2 protein chains.
Amino acid sequence: MDTKAPRPRTRIQTEKRELILEAALEVFSAHGFRGSTIDQIAEAAGMSKPNLLYYFRRKEEIHETLMQRLLDTWLAPLKELDDIGDPLTELRSYIRRKLEMARDFPRESRLFANEILQGAPRIKPMLEGELKSLVDEKAEVIKGWMRAGKIVKTDPWHLIFSIWATTQHYADFDVQVRAVLGPNRGGDGRFEDAARFLEQLFVDGLKPKG
Amino acid sequence: MDTKAPRPRTRIQTEKRELILEAALEVFSAHGFRGSTIDQIAEAAGMSKPNLLYYFRRKEEIHETLMQRLLDTWLAPLKELDDIGDPLTELRSYIRRKLEMARDFPRESRLFANEILQGAPRIKPMLEGELKSLVDEKAEVIKGWMRAGKIVKTDPWHLIFSIWATTQHYADFDVQVRAVLGPNRGGDGRFEDAARFLEQLFVDGLKPKG
DNA sequence: GCAAATTTTGACCGATTGGACAAACGTTAG
DNA sequence: CTAACGTTTGTCCAATCGGTCAAAATTTGC
């Protein structure tokens, strides 16, 4: 009975919270959680520190909110991996979607990478629960394709890992990728080159041997 | 003429510096540079903070020393990629060596990943210089193999990226890998499974079509 | 237009941090 | 043995950090 009704959000609250989260994404993804200060986030959001703390009472609260939102969008592509279409087409789409996310949401990718690198202190339960279930489920789908001879037999879990690794690499290790490719090849075209390469590696590589 | 002769290292200095670097690797790789404190490192090394600062005057000095050492061992496997052996065997060896490094030196991998994730503020020149040269050189070797029809034609740079990404993934994203594989498959065998999968993906995938 | 509620600010606090320093303690070469 | 040098420690400091608080400014509902 004591469940105190949480006040509904004001217009200003909605807007300012969004502003703060956007700023926090920028700062956290660049410096990590401990490497970021409330002052930095506040400045990036164009407000004073106490003002920011009026909307989020603790630094961790910002990070948690950010992380929760992230996870939904982050797992969406894998959730879409369907049993209905052609296996190779499905996989190609999945890889393309993941690569597009690395291109369009590099900060989200780095925020996630940061969290995992530090041992995933805040999202380990989610990894062992929700994520594991989802991957196990999709691994079964892939196994079905293998049994049906639609793609070559291999380990579905490590296949998924390698898709994650290769695509997210272009967001998380962007500085390195650009440095190695140099000013010419490291420009905007690098994602198309990557898409072509990954498609060849995975899709051609998984085609059943004629 | 004014080049002041740097004092030769004492026995104790050599030992203690080594002890500190080992402790710093542990701490830095787990919490990142800004997330780590001198106190943590000192405690991990079993000495007091002022004592540690006697051997390394600044926190950055520890990190720099660690990073310099890291880079040598980190690039060694790629340097060994040779034009003399059989291309597919060479690539297989390279992948295996990189995966072994992820297994045996995960802290080094994470230290490196942390630095790149933050934008490589301390090693960007090295990436654009030494690393780029090395990769360009090896890309030429791989291109030669492709021209000779020894492996299928593809982008050598992105091939190298994908080998880096997939192998280092098992060190940098270890928590996630273990969480998803679960207690059974996530045990010690995961590296052998990964080795098998990556060999199939890259080596079989690069075999010229019969 | 006005009272209540919300938003913003400046001043402040205790804890933690990187680092300085001199004094005390060990070690070592002659 | 001892003087010179190397090592260790306790104490201290200024800067930065996350976070509080009351008062001022603003917005909102009526």
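Residue numbering restarts at 1 for every chain, and letters A, B, ... go by the order of the sequence lines. Since we're looking at a predicted model, the values are computed, not measured.
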Discussion item. Measuring to OP1 and OP2 of D:dT9, would you say a side-chain N or O of B:S48 lies under 4.0 angstrom away?
Written reply: yes

Fill in: A:H31 NE2 to D:dT16 C1', straight-line distance once rounded to whole Å
15 Å

Practice prompt. Report yes if a side-chain nitrogen or oxygen of A:N51 is closer than 4.0 Å to either non-bridging phosphate oxygen (OP1 or OP2) of C:dT7; otherwise report no.
Written response: no

Worksheet item: For DNA chain C, which residues in residues 17-26 of chain B have a heavy atom at a distance below 4.0 Å?
Response: none

Please list, for nucleotides 13-20 of chain C, all pairs of protein and nucleotide N/O atoms separated by less than 3.5 Å.
{"residue": "C:dG18", "atom": "OP1", "partner": "B:S36", "partner atom": "O", "Å": "3.3"}
{"residue": "C:dG18", "atom": "OP1", "partner": "B:K59", "partner atom": "NZ", "Å": "3.1"}
{"residue": "C:dG18", "atom": "OP2", "partner": "B:I38", "partner atom": "N", "Å": "3.1"}
{"residue": "C:dG18", "atom": "N7", "partner": "B:K49", "partner atom": "NZ", "Å": "3.0"}
{"residue": "C:dG19", "atom": "OP2", "partner": "B:K59", "partner atom": "N", "Å": "2.8"}
{"residue": "C:dG19", "atom": "O6", "partner": "B:K49", "partner atom": "NZ", "Å": "3.3"}

Worksheet item: What side-chain hydrogen bond (donor to acceptor under 3.5 Å, both in side chains) pairs are there with at least one residue in residues 32-54 of chain B, not counting sequence neighbours?
Response: none

Discussion item. Once side-chain hydrogen bond (donor to acceptor under 3.5 Å, both in side chains) is applied, what residue pairs with a partner in residues 175-190 of chain B remain, sequence neighbours excluded?
Written reply: A:D155-B:R185, B:D174-B:R178, B:D174-B:R190

Worksheet item: Between B:Y54 and D:dT7, does any side-chain N or O lie under 4.0 Å from OP1 or OP2?
Response: yes

Discussion item. At less than 4.0 Å, is any side-chain N or O atom of B:Y55 found next to OP1 or OP2 of D:dT8? Yes or no.
Written reply: yes

Worksheet item: Is it the case that more than 12 heavy atoms not belonging to B:Y55 sit under 6.0 Å from its OH atom?
Response: yes

Item to complete: May I ask you to decide if the ring planes of B:F112 and B:W74 are parallel, tilted or perpendicular, using 30° and 60° as cut-offs?
Response: tilted

Fill in: Presence of salt bridge, A:K79 and A:E137, under 4.0 angstrom
no

Practice prompt. Using the six-membered ring of B:W157, assess whether NZ or CZ of B:K138 lies under 6.0 Å from its centre and within 45 degrees of the ring axis.
Written response: no

Worksheet item: Quick one: what's the B/S/- string for nucleotides 24-30 of chain D, heavy-atom cutoff under 4.0 Å, read 5' to 3'?
Response: ----S--

Item to complete: Answer yes or no: are there more than 12 heavy-atom neighbours, outside B:K124 itself, under 6.0 Å from its atom NZ?
Response: no

Practice prompt. Would you please test B:I62 and B:L52 for side chain to side chain contact (heavy atoms under 4.5 Å, CB included) and show each step?
Written response: CA-CA 10 Å; B:I62 312 175; B:L52 184 149; 3.7 Å; yes

Fill in: Between P of D:dG6 and CD of B:E15, the distance in whole Å
16 Å

Practice prompt. Look at the rings of A:F161 and B:Y170 and say which category their plane angle falls in: under 30° parallel, 30 to 60° tilted, over 60° perpendicular.
Written response: perpendicular

Practice prompt. Could you list the residues that satisfy side-chain hydrogen bond (donor to acceptor under 3.5 Å, both in side chains) with A:E18, not counting sequence neighbours?
Written response: A:R69

Discussion item. Whether B:Q13 contacts D:dG6 is assessed here as follows: a side-chain N or O lying under 4.0 Å from the phosphate OP1 or OP2. Is that the case?
Written reply: no

Worksheet item: So, A:R122 and A:E115, do they make that salt bridge, N to O below 4.0 Å?
Response: yes

